[in-house]
There are 2 protein chains.
Amino acid sequence: MSQPGTEGSSFPCGGQDPLALDGQLCFALYAASRAMTRAYQPMLRDLDLTYPQYLVLLVLWEWDAAAARGESPDSGVGALGRRLMLDSGTLTPLLKRMEQRGLVSRQRAPRDERVTLVAVTDSGRALKPRARHWVEQQLESSAVTREEVASLRGRLWQFLEKLGDSP
Amino acid sequence: MSQPGTEGSSFPCGGQDPLALDGQLCFALYAASRAMTRAYQPMLRDLDLTYPQYLVLLVLWEWDAAAARGESPDSGVGALGRRLMLDSGTLTPLLKRMEQRGLVSRQRAPRDERVTLVAVTDSGRALKPRARHWVEQQLESSAVTREEVASLRGRLWQFLEKLGDSP
DNA sequence: GCAATTTACATTGTGCACAATTAAATTGCC
DNA sequence: GGCAATTTAATTGTGCACAATGTAAATTGC
């Protein structure tokens with residue numbers, strides 16, 4: 001990898017040049033995110049999912065469990081988009097592909113015909129234990145501890161909130 | 001934003017469900033990376049660049065400065081890809097678009113006809129001070145301190161190296 | 001000295017991301 | 001009740017990402 005490390009420096013800046021690639025937080029995030037997606041490929045290949053499709057299923061599985069508890073979460077495309085921070089231009093075709101494969105159902109809400117309700121089907125539900133198994137394996141075989149992961153995750157959300165405040 | 005925080009937990013897991021979306025480090029990275037790209041949009045719009053094109057320019061500007069110092073960095077598409085962790089399927093069309101706009105030059109290396117040498121043109125060089133200005137502004141107006149940014153960046157590269165070790 | 005292999009890009013095809021626009025349904029305001 | 005404003009998805013178009021494959025130049029082995 002041979003990337004720089006933790007030597008103290010500044011916002012996107014590493015040494016003295018604020019435009020040095022290795023000093024950019026944006027590049028570190030970009031590279032880390034894609035590396036993470038690559039790390040999920042064995043599981044995704046096994047489940048025959050793409051990474052964003054997997055994230056959609058994580059949400060739908062949560063909604064499914066909530067519904068099983070008697071709750072009625074807002075399960076429209078908009079709610080899904082807010083949860084994943086994705087818009088309909090990304091989600092609509094993605095959901096259509098998943099519907100084609102029988103993993104999810106899409107239907108207009110009777111109460112408000114503008115809303116498209118999305119839910120996991122039995123086929124989609126069947127992937128959950130397989131995903132759980134993969135993720136647990138990943139956890140154990142990883143060179144990273146749970147604490148490190150939790151800490152990094154916390155810092156990322158913290159950073160995200162500050163990003164939202166700035167503009 | 002209303003995402004969870006730093007409450008101690010595990011690899012992708014937040015509470016007890018290892019599949020909880022808010023517990024996934026992968027999602028935190030994915031969301032943070034896209035939010036970061038969004039934060040760069042004002043600058044990118046001004047420079048009429050996409051985010052990956054900007055990253056390519058960061059590398060080419062470094063190569064340009066190295067060449068001005070009398071060094072001769074490997075400036076082929078392959079070297080660019082290794083630096084940005086992108087492959088030719090991504091870079092080739094991106095570089096062609098930048099060449100079309102006159103920002104970069106592409107030519108076969110005389111010594112090895114397999115190699116396509118990439119370099120910034122005067123037009124591409126002219127964007128550097130404008131980018132520097134934007135980035136310095138960003139640094140000052142940000143709600144995040146330089147130390148926080150440097151620390152997060154360091155942790156991300158650390159994490160990336162461990163990801164590379166694991167498989 | 002030349003076949004086999006390797007290297008370095010380019011090409012092809014699929015699936016995101018996201019800006020911008022459109023269209024349909026609902027709500028609010030008289 | 002009727003119509004403007006708003007809300008919600010879907011559509012359109014561009015540009016990444018990346019797997020898989022192709023192609024040609026360079027290198028290696030014998």
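Just so it is clear: chains get the letters A, B, ... in the order the sequence lines come, proteins before strands, and each one is counted from 1.
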Find the distance [X]:[atom1] to [N]:[atom2] and express it as a whole number of Å.
X: A/Arg111; N: C/dA24; atom1: CZ; atom2: C1'; result: 19 Å
X: A/Glu113; N: C/dT26; atom1: CD; atom2: P; result: 6 Å
X: A/Met85; N: C/dC16; atom1: CE; atom2: P; result: 19 Å
X: A/Asp87; N: C/dT22; atom1: CG; atom2: C1'; result: 15 Å
X: A/Arg45; N: C/dG15; atom1: CZ; atom2: P; result: 14 Å
X: A/Met36; N: C/dC16; atom1: CE; atom2: C1'; result: 19 Å
X: B/Leu44; N: D/dT14; atom1: CG; atom2: C1'; result: 15 Å
X: B/Gln107; N: D/dA25; atom1: CD; atom2: P; result: 17 Å

Nearest to the side chain of [X] - [options]?
X: A/Leu86; options: D/dA9, D/dC18, C/dA17; result: C/dA17
X: B/Thr92; options: D/dA9, C/dT11, C/dT26; result: C/dT11
X: A/Asp112; options: C/dC18, D/dA26, C/dA25; result: C/dA25
X: B/Arg114; options: C/dT11, D/dA17, D/dA24; result: D/dA24

Determine the contact category for [X]: base if any of its heavy atoms lies under 4.0 Å from a base atom, sugar-phosphate if only primed atoms, P, OP1 or OP2 are that close, otherwise nothing.
X: A/Thr116; value: sugar-phosphate
X: A/Thr50; value: sugar-phosphate
X: B/Gly89; value: base

Query - Contact nearer the 5' end of DNA chain D, comparing A/Arg108 with B/Pro110 - result: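 It is A/Arg108, whose closest nucleotide lies nearer the 5' terminus.
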Requested in this report: Map B/Thr90 and A/Leu117 onto DNA chain D by nearest heavy atom, then report which one ends up closer to the 5' terminus.
Outcome: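 First, find each residue's nearest nucleotide; the 5'-ward one identifies A/Leu117.
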I'd like to know if [X] and [Y] make a salt bridge, using a cut-off of under 4.0 Å between side-chain N and carboxylate O.
X: A/Lys128; Y: A/Asp64; value: no
X: A/Asp48; Y: A/Arg101; value: yes
X: A/Arg108; Y: A/Glu113; value: no
X: B/Asp87; Y: B/Arg82; value: no
X: A/Asp22; Y: B/Arg83; value: yes
X: B/Lys162; Y: A/Glu148; value: yes

Query raised in the report: Has the side chain of B/Ser88 got a donor or acceptor atom sitting under 3.5 Å from an opposite partner on the base of C/dA8?
Result: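 Checked by distance alone, the answer is no.
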Query raised in the report: In the strands shown, is C/dT22 matched to any nucleotide by a Watson-Crick or G-U wobble pair with both distances under 3.5 Å, and which?
Result: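 D/dA9 is the nucleotide pairing with C/dT22.
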Report yes if at least one side-chain N or O of [X] is closer than 4.0 Å to OP1 or OP2 of [N]; otherwise report no.
X: A/Arg34; N: D/dC18; answer: yes
X: B/Gln53; N: D/dC16; answer: yes
X: B/Tyr30; N: C/dC16; answer: no

**Report entry** Contact list for DNA chain D against residues 94-102 of chain B - heavy-atom distance below 4.0 Å
**Finding:** B/Leu94, B/Arg97
Query raised in the report: With a 6.0 Å cut-off on ring centres, are B/Trp134 and B/Tyr54 close enough?
Result: no
**Report entry** A/Arg34 side chain to B/Ser33 side chain, donor-acceptor N/O pair below 3.5 angstrom
**Finding:** no
